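Just below is one structure, and these are the notes that go with it.
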Amino acid sequence: KSIRENKDFKCNDCGVNMSKKEHRHFSHVHHKDADKSNDNPSNLEVLCIECHSNQPGHNRLKYSNDYRSFISKKSKGEF
């Protein structure tokens, strides 16, 4: 949570702002080196669920209800 707060809930890739309380669950923390035990701040980045799903090995996120909800809200300009 502190990583997301420090980055103001803003996606490092596309820049979408997820700071509204109802949008914060779309904010993910991605381990750049794919090692979930490496929580060094330099290895972590904040991504929206869409950008996170485009990372290698994260395609499964595209099948979640959160992903579909995010895409719908994004297409309606809610961010």
Side-chain angles (χ1 to χ4, degrees):
K1 183 178 176 181
S2 65
I3 296 293
R4 290 183 287 239
E5 287 174 347
N6 289 341
K7 300 294 183 176
D8 298 321
F9 296 92
K10 186 175 178 183
C11 181
N12 190 63
D13 280 358
C14 72
V16 71
N17 183 327
M18 299 163 284
S19 62
K20 286 185 180 177
K21 191 170 185 168
E22 65 269 20
H23 294 155
R24 291 183 179 177
H25 66 283
F26 298 125
S27 174
H28 290 201
V29 177
H30 175 65
H31 292 80
K32 296 177 190 177
D33 70 358
D35 180 359
K36 291 185 179 185
S37 69
N38 180 2
D39 289 335
N40 186 304
S42 66
N43 184 48
L44 303 175
E45 65 182 340
V46 175
L47 298 176
C48 68
I49 190 171
E50 181 179 23
C51 290
H52 199 194
S53 72
N54 291 327
Q55 296 299 312
H58 292 79
N59 192 50
R60 70 190 180 287
L61 293 171
K62 292 181 179 179
Y63 301 102
S64 72
N65 289 334
D66 275 350
Y67 180 85
R68 287 187 289 276
S69 178
F70 176 83
I71 296 300
S72 174
K73 289 177 182 299
K74 188 175 175 187
S75 71
K76 293 175 185 174
E78 293 186 29
F79 295 97

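No hydrogens, no waters, no symmetry mates; every other heavy atom, side chains included, goes into these values. Owing to the predicted nature of the structure, the values given are computational and were not obtained by experimental measurement.
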Residues that [X] engages under side chain to side chain donor-acceptor pair (under 3.5 Å), provided they are two or more places apart:
X     : value
Lys10 : none
Asp8  : none
Asn38 : Asp33
Ser2  : none

Throw together a table of side-chain donor-acceptor distances under 3.5 angstrom for residues 72-79, partners on residues two or more places apart or in other chains.
| unit_1 | atom_1 | unit_2 | atom_2 | d |
| --- | --- | --- | --- | --- |
| Lys74 | NZ | Glu50 | OE1 | 2.7 |
| Ser75 | OG | Ile71 | O | 3.4 |
| Ser75 | OG | Ser72 | O | 2.8 |

Using ring-ring contact (aromatic ring centres under 6.0 Å, His included) as the criterion, list what pairs up with His58, not counting sequence neighbours.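 Per chain and number, His58 pairs via ring-ring contact (aromatic ring centres under 6.0 Å, His included) with His30, His52.
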
Provide the full list of salt bridge (Lys or Arg N to Asp or Glu O under 4.0 Å) pairs with a residue in residues 18-27, sequence neighbours left out, each pair given once.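 The answer is none; no pair qualifies.
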
Any side-chain heavy atom of Phe26 sitting closer than 4.5 Å to one from Val16?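 No. Closest side-chain heavy atoms not under 4.5 Å.
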
Please examine the side chains of Ser64 and Ile49, heavy atoms only from C-beta on, and report whether any two atoms are closer than 4.5 Å.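 In contact.
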
Applying side-chain contact (heavy atoms from CB on, under 4.5 Å), name anything that partners Asp39, two or more places apart in sequence or on another chain.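 Scan of Asp39 (side-chain contact (heavy atoms from CB on, under 4.5 Å), adjacent residues dropped) gives His31, Leu44.
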
Under a plain distance cut-off of 3.5 Å, with no hydrogens placed, do Ser19 and Asn17 share a side-chain donor-acceptor pair?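 Distance-only check passes for Asn17 and Ser19.
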
Nearest 0.5 Å, please: how far is CG in Asn40 from NZ in Lys32?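 The NZ atom of Lys32 sits 9.5 Å away from the CG atom of Asn40.
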
